[in-house]
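Read the structure below first, then the notes.
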Amino acid sequence: MVRPLPLVVAVAALVAASFAASGLRAKPAKKATPAEREARAFLTTVTGLLQPLRTVANQTAWTAATDVTPEHTAARAAADKALAAVSGSRLVIDKTRALLERRADLDELTARQLDKLLLAAADSPATIPEVVAKRIDAESRQSAVLDGYTFCLQSSPGGRCRRPVSANDLDLVLRKSRVLKDREQAWTASKEIGGKLKPGLALLQGLRNQVAREMGFSSFFALEVADYGMSVAEMMTLMDETLAASRSLYDQLHCFAKHTLAERYKQPVPRLIPAHWIGNRWAQSWPGIVASASLDPFFKNKSREFVVRTAEDFYVSLGLSRLPESFWQKSDLYPVDKSSPRKKNSHASAWHIDGEDDVRSLMSVEPDQKWFGTAHHELGHIYYDLAYARPEVPYLLRRGANRAFHEAVGELARLASEQIPYLRKLGIIRQGQEPDATSALLQSALDSVVFLPFAAGTMTHFEHDLYEANLPPTEWQARWWQYVGRYQGVQAPRARADDLCDACTKTHINDDPAQYYDYALATLIKFQLHDHICAKILKQDVRSCDYSGNQEVGQFLQKILALGATRDWREVMREATGEGIGPQAMLAYFAPVMDDLRKRNLGLDCSR
Ligand code: X8Z
Ligand code: ZN
């Protein structure tokens, strides 16, 4: 016989069960300390003010990024100022600091919210209102310059553009053309915008540092790193260790690539690879080097809509819900028609507007391999957002376990989207048409391993110097190319003018400053999660592994996503994979490439 539980016990059991199911730890009910009660009341008030202000700021930023006009740029700045007035107010700063001094008397969840509040305040401290206002205006203007720019393949002597092109057009030339002259023209055109962005970044360098230093951080870089609970030195060490661990594989990939490309373009083998030989504007991934492994031909007869709908189907097949109808109505997923005067940001992004279910993505999807992977990536962000938008997760903790986790989930879905059994199941690749496994894995390393020297090397070290060392604008070009050479083994096609800013052409330097190590860490986490999913849950070969249709995989992911930032990310990592963050899973994944390349490169001059 089942005896009914007394009411109090039943409620306690229910609460504990719902916490356990949600992954939040049920604390034995203890009486809240006075500090805890005070903090909760404070957080309720502040969150009540912040959530609507952030929603409006996100809405106006969305409009500014999807329809670049002076009015939208100004509206974004106005909304950001209204938000800054609360988020960086003296009351918020002083009260949050005072409460955090009593950390021992606070619940973990409460202290975590206060930590996030203080970091957000450091973006716009009211103690220096003129600096904050200048920074907001400068950020808004910089995005408008970036998003409103039209690339130009050919200018007339009068300076007018004879051949305006989109970012997708330039990327296509770099991915497909075998004519070096055309490649150099496209690469050079992609860098013209840097000169226009340089004065804005020079202004922002000072303003970003000023706000961060006002709150006691050594620089803006240190402020952004603090979100991981790490110091600058710790982050830089982690980056350098990651580079060291992947260095021998990278050297083999570099050697193979430069010999293959020199033969393709009928050029002498260089020491460093000329940037315009590579199929990406920043050489952050090297698509198309193993031509037989390209999946682009399989997307020829597919529509743009197919690409995004298939990405949604992937998540639904794991047991996650369909996206809210508003996602499809409000997102901006496809390129602007060439005949339209509208300008929008060309880089893919995912937006969580209200911290609830207003989620949107901004993309310029075309039916090809790159956008197929990117659509899976962006929807990863969206499903993360939706998973933690629930009452148990306080508004201030509705974010990834850390920023890298958010990126890792997107990149994990991209990796899953490239697995041959999945593409076969979807009918994208027919039986017998698959690229051979060795070529596919080699190309995958050329997309993924080569990313680390860019992310952990060039980008992170450049932004470190930009903020921590106040690197003067006159030295930006030289430092950028010094790092591109040192970490990536790549060089500019010809000398670059000092008044240009090739670093400025990278979206993140402008819009997501001092955060690019997120993607380096995400690369490691991605392979660790992938290894766990394939080896432990699906019991499939990690290099030929189909997640789709498996609800257990969905539950594994959902459990991580639903936590948001309620737990320390190191714990989340250990509980999910049984290990700390590291390169071991990635290196094991590509171990056959290392063996293969040692043979292929035997006797070649690999020096650089
Ligand atoms: O910016 C992105 C995503 C949006 S969060 C498309 N990525 C980095 C980049 O393009 O530089 C994904 C991988 C690296
Ligand atoms: Zn992303």
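What's counted below: heavy atoms across the whole structure, side chains too, no hydrogens, waters or symmetry copies. As the structure lists them, so they are numbered: ligands from 1, and atoms in each ligand from 1.
- Annotation for ligand 1: atoms under 4.0 Å from non-hydrogen atoms of Lys506 are 9 (C), 10 (O), 11 (O).
- Listed by atom number, the atoms of ligand 1 under 4.0 Å from His381 heavy atoms are 5 (S).
- Using cut-offs of 30° and 60° on the angle between ring planes, the pair Tyr149 and Phe151 is perpendicular.
- Salt-bridge annotation for Asp227 and Arg399: present, with a side-chain N of the basic residue lying under 4.0 Å from a carboxylate O of the acidic one.
- Between Arg414 and Glu418 there is no salt bridge, since none of the side-chain N atoms of the basic residue sits less than 4.0 Å from a carboxylate O of the acidic one.
- The aromatic rings of Tyr519 and Tyr516 sit tilted, their planes meeting at an angle between 30° and 60°.
- The nearest heavy-atom contact from the protein to atom 10 (O) of ligand 1 is His347 CE1, 3.2 Å.
- Interface of Glu378 with ligand 1, defined as ligand atoms under 4.0 Å from a residue heavy atom, comprises 3 (C), 4 (C), 6 (C).
- Residue Ala348 places a heavy atom under 4.0 Å from ligand 1.
- No side-chain donor-acceptor contact under 3.5 Å links Arg543 and Tyr589.
- When Tyr516, Phe451, Phe454, Tyr519 are ranked by how near their heavy atoms come to atom 11 (O) of ligand 1, first place goes to Tyr516.
- Summary: OE1 is the N/O/S atom of Glu407 found nearest to the Zn ion (ligand 2).
- A salt bridge links Asp332 to Arg342: one of the charged nitrogens lies within less than 4.0 Å of a carboxylate oxygen.
- In His381, the N, O or S atom that comes nearest to the Zn ion (ligand 2) is NE2.
- Under the 6.0 Å cut-off for aromatic ring centres, Phe462 and Tyr483 do not qualify, their centroids lying 6.0 Å or more apart.
- Among the heteroatoms counted here (N, O or S) of His377, NE2 is the one nearest to the Zn ion (ligand 2).
- Interface of Glu407 with ligand 1, defined as ligand atoms under 4.0 Å from a residue heavy atom, comprises 5 (S).
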